[in-house]
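Take a look at the structure set out below.
Both backbone and side-chain heavy atoms feed into the values below; hydrogens, waters and symmetry mates do not.
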2 protein chains.
Amino acid sequence: MKEVMDSNEGVQIVDEKKETRFSACLLFSANALARAITTIGDEEFGRFGLSYSHAYLLCEVVDQPGIMPSQLSQTLYLTPSTITRLVEKLEQKQLVRRESEGKKTLIFPTAQGEALQPAIAEAWQRAGARYTQAIGEDNIKGLTQHVFKAAQALGEEC
Amino acid sequence: MKEVMDSNEGVQIVDEKKETRFSACLLFSANALARAITTIGDEEFGRFGLSYSHAYLLCEVVDQPGIMPSQLSQTLYLTPSTITRLVEKLEQKQLVRRESEGKKTLIFPTAQGEALQPAIAEAWQRAGARYTQAIGEDNIKGLTQHVFKAAQALGEEC
DNA sequence: GCATTATAGTTGTATGTGCAAGCAACATAT
DNA sequence: ATATGTTGCTTGCACATACAACTATAATGC
């Protein structure tokens with residue numbers, strides 16, 4: 001709550017942070033947070049034409065050349081089909097290449113992909129700085145941890 | 001961490017809840033949580049052919065007949081264009097109807113829409129119970145509050 | 001050794017969401 | 001009163017993601 005001067009009617013209570021039935025609902029709040037924070041992420045990573053998930057995937061590939069989609073699926077908490085789509089796009093952009101080996105698929109970074117790494121790291125920094133400032137330095141670490149744990153707990157049960 | 005018996009090699013440490021560079025990133029974790037919890041939501045609300053956002057929007061309309069898209073946009077933390085799309089679908093399903101009044105649009109529930117309310121409330125309950133059980137009763141309230149505050153903070157700054 | 005089942009990936013299709021551009025109604029200024 | 005801006009909503013397009021169905025390879029049982 002915040003007091004605001006209104007020139008006609010004097011001091012008014014403005015319900016800035018209004019509590020709704022939704023705010024008490026994690027399903028709602030988690031999605032709201034994800035959308036808000038993704039906006040920042042996409043702004044930063046968008047500078048070189050990637051979404052945050054493409055960037056994260058590329059990081060893993062650079063870090064572990066020859067990684068398989070199934071592993072990426074586990075690490076990134078995304079379904080195999082989504083991984084296929086992400087890799088497809090990175091392949092189009094020549095940041096990654098695929099190699100078939102039996103029923104497996106191995107993913108390697110290209111030189112271009114590796115060269116992008118510093119830019120990604122920087123964007124990551126900047127995104128982090130932005131949302132940390134908005135949310136408040138104190139809360140961030142604990143919040144992140146709790147959010148991640150919750151995500152894991154749900155992932156295992158359902 | 002969890003110890004697991006492996007018949008060939010004896011006791012092994014299995015890194016079940018592995019910490020990655022991603023788990024420490026709110027951008028990543030928030031999206032992971034949102035996806036996981038939305039899965040539950042869509043399972044429950046899907047019983048009557050709605051996604052959770054359609055259901056929530058319908059709740060607001062039933063509660064405040066004649067509500068305008070702009071208000072819904074604020075309450076639900078969704079862009080106006082998304083509201084249009086959601087309302088379109090609810091209109092197709094005859095759960096809601098639109099009335100133009102000047103440049104405004106007023107949204108009213110139909111009888112069918114109102115009749116769906118109890119089912120929605122029940123689905124809401126069930127979804128809540130499911131994720132509360134998975135995440136742990138103790139954490140839920142605080143987590144939800146923090147998550148919502150963070151979402152708001154980001155919404156205001158960016 | 002063949003038949004069955006399991007595993008790894010890909011593709012078709014659908015959905016929720018947002019951005020940018022557009023349009024129509026209203027407000028303001030000169 | 002006409003011109004200029006502002007507000008409220010909608011539409012075209014794009015994107016990330018998932019599910020279900022499918023293919024191809026590997027593993028297992030008999």
For this session: For Pro80(B), report the nucleic acid contact type (base, sugar-phosphate, nothing); a contact means any heavy atom under 4.0 Å.
Result: base
For this session: Tell me whether the OP1 or OP2 atom of dA16(D) has a side-chain N or O from Tyr56(A) closer than 4.0 Å.
Result: no
For this session: May I ask you to decide whether Arg98(A) forms a salt bridge with Glu91(A), counting only side-chain N to carboxylate O separations under 4.0 Å?
Result: yes
Problem set entry | Nearest-nucleotide 5' precedence on DNA chain C, Leu106(A) against Ser51(B) | Leu106(A)
For this session: In plain terms, say whether Glu122(B) and Arg47(B) are close enough for a salt bridge, that is, a side-chain N and a carboxylate O under 4.0 Å apart.
Result: no
For this session: May I ask you to say what Thr105(B) touches in the nucleic acid, namely base, sugar-phosphate or nothing, with a heavy-atom cut-off under 4.0 Å?
Result: sugar-phosphate
Exercise. Does the side chain of Thr79(A) get closer than 4.0 angstrom to OP1 or OP2 of dA18(D) through an N or O atom?
Worked result: yes
Problem set entry | Distance in angstrom units between Met68(B) CE and dT10(D) C1', rounded | 14 Å
Exercise. Between Ile83(B) (CD1) and dT17(C) (C1'), how many Å, whole number?
Worked result: 11 Å
Exercise. Can you tell me how far P of dT10(D) sits from CD of Gln92(B), to the nearest Å?
Worked result: 14 Å
Problem set entry | Among dC15(D), dT10(D), dT17(C), the one nearest Lys89(A) by side-chain distance | dC15(D)
Problem set entry | Donor-acceptor pair (no angle test) under 3.5 Å: Arg85(B) side chain, dG18(C) base | yes
Exercise. Within the structure shown, what part of the strands sits under 4.0 Å from Ser70(A) by heavy-atom distance: base, sugar-phosphate, or nothing?
Worked result: sugar-phosphate
For this session: Name the nucleic acid region contacted by Arg35(B), choosing base, sugar-phosphate or nothing; use a 4.0 angstrom heavy-atom cut-off, strictly under.
Result: sugar-phosphate
For this session: Using atom CD of Gln71(B) as one end and atom C1' of dC9(D) as the other, report the distance to the nearest whole Å.
Result: 14 Å
Exercise. Relative to the 5' end of DNA chain D, which residue comes earlier, Gly102(A) or Asp42(A), by the nucleotide with the nearest heavy atom?
Worked result: Asp42(A)
Exercise. Once you round it to whole Å, what is the distance between C1' of dC9(D) and CD1 of Ile67(B)?
Worked result: 15 Å
Problem set entry | Enclosure of Gln112(A) CD (heavy-atom neighbours >12, cutoff 6.0 Å) | yes
Problem set entry | Listed nucleotide nearest any side-chain atom of Lys103(B), set dA18(D), dA25(C), dC9(D) | dA25(C)
For this session: Could you please name the option among dA18(D), dG9(C), dA20(C) that lies closest to any side-chain atom of Ser81(B)?
Result: dA20(C)
Seminar exercise, completed: When rounded to whole Å, the CG to C1' distance for the pair Asn31(B) and dG16(C) reads 13 Å
Exercise. Can a side chain N or O of Tyr77(A) be found less than 4.0 Å away from OP1 or OP2 on dA16(D)?
Worked result: no
For this session: Measure from CG on Leu72(A) to P on dT17(D) and round the result to the nearest Å.
Result: 13 Å
Problem set entry | Integer-rounded Å distance: dG9(C) C1' and Glu101(A) CD | 14 Å
Problem set entry | Electrostatic pair Arg126(B)-Glu43(B), nearest N-O below 4.0 angstrom | no
For this session: Would you mind classifying the nucleic acid contact of Thr84(B) as base, sugar-phosphate or nothing, using non-hydrogen atoms under 4.0 angstrom?
Result: base
For this session: Indicate yes or no: does Glu99(B) engage Lys104(B) in a salt bridge with an N to O separation below 4.0 Å.
Result: no
Exercise. Considering only side-chain heavy atoms of Arg98(A), which listed nucleotide, dA18(D), dT10(C), dT17(C), is closest?
Worked result: dT10(C)
Problem set entry | Between Trp124(A) and Tyr56(A), ring centroids under 6.0 Å | yes
Exercise. So what does Leu78(B) hit on the nucleic acid, given a heavy-atom distance under 4.0 Å: a base, only sugar-phosphate, or nothing?
Worked result: sugar-phosphate
